[in-house]
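One structure is given below, encoded as structure tokens.
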Amino acid sequence: MPPTLAIDGHVAYLTLHRPQAANKLTPDDLPVLIQHVDTVNRTPEVLVLVLRAEGKYFCSGFDISEVATQSQTEGRSFGEMVDVFENCRAVTIAAVHGGVYGGATDLVLACDFRVGARSAEMFMPAARLGLHYYQSGMERYVSRLGLDTAKRLFLTAEKLDGAAMRDCGFLTQLVDDAAALDAEVQRLRTVLAGMAPLALLGMKKHLNQIARGTADAAAISREVQRTVASEDLAEGGRAWREKRTPVFQGR
């Protein structure tokens, strides 16, 4: 079954449904994932996208045989899909409950928050398989984890457990088990969905650009001024003074 998208108010859920194959992604899944992100991008009320999976494993990535049998251009399509995910308008949360391998590690790193259970584990076997990884994926590893950790994971194919994934920055949060994972993802999505949309989504976009060295100072300045003049900033100030939860309208 291909990945599915469900929208519930301010939160969207993108679910992988191939547990019998460790949620391995196929070439046919890539345009589906891109289309789901496009749907989120075109749905203004969605502020948070949760990436999750069924079964024991989170995702075992993209079958190396599929890369080897495609043309060079088609072989890069996995990276193009992950780039689209990184650039999703909404804030993204990966709920990592089990193993995440190969290209799936890049998909998780493309998420803004990466919450994992102690049962999680990861490794990047590209060098062991004879595959030179694509540029944007290596850039994600370096920008999120640092050069030394990126070299360690890419060049040795070392497997990390949940605690090590948290310690190196692959996971932004680590919890004990599946129940705690669900609770933490619910807490985090509620916090994020309660933020002022203009500030939340603008800063998500520009922080990623700063990490990649592609930030546009003029564009950031325009977004700052847009929030300064916004109804939401006025509402935020009133709510702070009145000691109540703000009600933002995204304008």
Side-chain angles (χ1 to χ4, degrees), residues 2-5 12-16 23-43 46-53 58-64 66-68 70-96 100-114 122 124-126 129 131-147 149-150 153-154 169-172 200-216 219-220 223:
T4 61
L5 180 71
Y13 301 89
L14 200 165
T15 308
L16 306 182
N23 289 309
K24 186 179 294 294
L25 297 174
T26 70
D28 291 340
D29 291 331
L30 305 184
V32 173
L33 289 165
I34 290 171
Q35 181 59 50
H36 287 333
V37 174
D38 183 60
T39 297
V40 169
N41 291 342
R42 291 184 290 103
T43 309
V46 174
L47 302 180
V48 181
L49 173 60
V50 177
L51 176 63
R52 60 190 184 181
F58 180 80
C59 182
S60 57
F62 198 58
D63 193 333
I64 186 65
E66 297 288 355
V67 175
Q70 293 176 23
S71 71
Q72 186 176 10
T73 299
E74 292 170 335
R76 289 199 300 266
S77 62
F78 186 92
E80 291 164 359
M81 178 274 293
V82 179
D83 292 346
V84 167
F85 208 93
E86 179 180 310
N87 293 320
C88 179
R89 180 188 57 83
V91 179
T92 49
I93 303 171
V96 183
V100 53
Y101 310 125
T105 64
D106 189 31
L107 181 58
V108 170
L109 283 175
C111 294
D112 302 304
F113 294 89
R114 305 175 294 277
M122 65 81 65
M124 167 50 73
L129 296 171
L131 177 68
H132 190 304
Y133 217 65
Y134 50 88
Q135 180 176 338
S136 65
M138 292 190 291
E139 288 174 346
R140 261 182 292 275
Y141 262 77
V142 172
S143 66
R144 271 60 166 181
L145 308 178
L147 178 59
T149 298
L153 296 176
F154 269 113
F170 187 91
L171 294 176
T172 55
L200 177 77
L201 304 180
M203 289 192 290
K204 172 249 168 79
K205 177 177 68 176
H206 289 118
L207 285 167
N208 277 348
Q209 292 175 352
I210 289 169
R212 284 192 174 274
T214 60
D216 181 333
I220 294 175
E223 291 292 333

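Please read these numbers as outputs of a predicted model, since none were measured by experiment.
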| said: side chain to side chain contact (heavy atoms under 4.5 Å, CB included), that's the test. Do L153 and M122 meet it? Break it down for me. | reply: CA-CA 9 Å; L153 296 176; M122 65 81 65; 4.2 Å; yes

| query | How about K24 and L16: do any of their side-chain heavy atoms sit closer than 4.5 Å? | reply | no

| query | Counting N and O atoms only, with roles assigned by atom type, does the side chain of T149 sit under 3.5 Å from a partner on the main chain of G146, one being a donor and the other an acceptor? | reply | no

| Given side chains that start at C-beta, do those of R212 and E86 come closer than 4.5 Å, heavy atoms only? | yes

| How far apart are the closest heavy atoms of A90 and L201, and which atoms are they? | CA-CD2, 4.0 Å

| said: Go through it in stages, so that I can follow the logic: the residues are Y141 and M124, the test is side chain to side chain contact (heavy atoms under 4.5 Å, CB included), and I'd like the CA-CA distance, side-chain angles, deciding distance and then a yes or no. | reply: CA-CA 11 Å; Y141 262 77; M124 167 50 73; 3.6 Å; yes

| field | S143 versus A211, closest heavy-atom pair with distance | value | CB-O, 4.1 Å

| Rounded to the nearest 0.5 Å, how far apart are CZ of F85 and CG of D112? | 9.0 Å

| Heavy-atom pair of closest approach, residues A94 and C111 | CB-SG, 3.8 Å

| note | Only residue of L33, T92, V40, V50 satisfying side chain to side chain contact (heavy atoms under 4.5 Å, CB included) with L14 is L33

| Is there a donor-acceptor contact under 3.5 Å from the side chain of K204 to the main chain of C88? | yes

| query | Can you find a pair of side-chain heavy atoms, one from F62 and one from D29, that are under 4.5 Å apart? | reply | no

| task | Report the C-alpha separation of S136 and V82 in whole Å, then their side-chain angles, then the decisive distance to 0.1 Å, and conclude whether the side chain to side chain contact (heavy atoms under 4.5 Å, CB included) test is met. | result | CA-CA 9 Å; S136 65; V82 179; over 6 Å; no

| task | Apply side chain to side chain contact (heavy atoms under 4.5 Å, CB included) to the pair N41 and V46, showing each step before the final yes or no. | result | CA-CA 8 Å; N41 291 342; V46 174; over 6 Å; no

| said: Using 0.5 Å steps for rounding, measure from the CG atom of L131 to the CG atom of L129. | reply: 7.5 Å

| message | If you compare all heavy atoms of P27 against all heavy atoms of P31, which two are closest, and at what distance to 0.1 Å? | response | O-CD, 3.2 Å

| Between OG1 on residue T43 and CZ on residue R89, distance to nearest 0.5 Å | 7.0 Å

| field | N23 (side chain) donor-acceptor with A53 (main chain) under 3.5 angstrom | value | no

| task | Please test R114 against T172 for side-chain hydrogen bond (donor to acceptor under 3.5 Å, both in side chains), starting from the C-alpha separation and ending with a verdict. | result | CA-CA 5 Å; R114 305 175 294 277; T172 55; 5.5 Å; no

| task | Could you tell me whether a side-chain N or O of N208 sits under 3.5 Å from a main-chain N or O of K205, the two making a donor and an acceptor? | result | no

| said: Could you check whether any side-chain N or O of T105 sits under 3.5 Å from a backbone N or O of Y101, counting only pairs where one atom can act as donor and the other as acceptor? | reply: no

| Backbone of I34 reached by a side-chain donor or acceptor of D38 within 3.5 Å | no

| message | Is there a side-chain contact between V91 and L47 in this structure, where contact means two heavy atoms from C-beta onward sitting under 4.5 Å apart? | response | no

| field | Spacing of L49 atom CG and I93 atom CD1 [to the nearest 0.5 Å] | value | 8.5 Å

| Side chains of F170 and V96 in contact at under 4.5 Å (non-hydrogen atoms) | no

| message | Would you say that H206 contacts Q209 through its side chain, given a criterion of any heavy-atom pair below 4.5 Å between the two side chains? | response | yes

| task | Output yes when a side-chain donor or acceptor of R144 lies under 3.5 Å from a complementary backbone atom of L109, and no otherwise. | result | yes

| query | Is there a side-chain contact between R140 and Q135 (heavy atoms, below 4.5 Å)? | reply | no

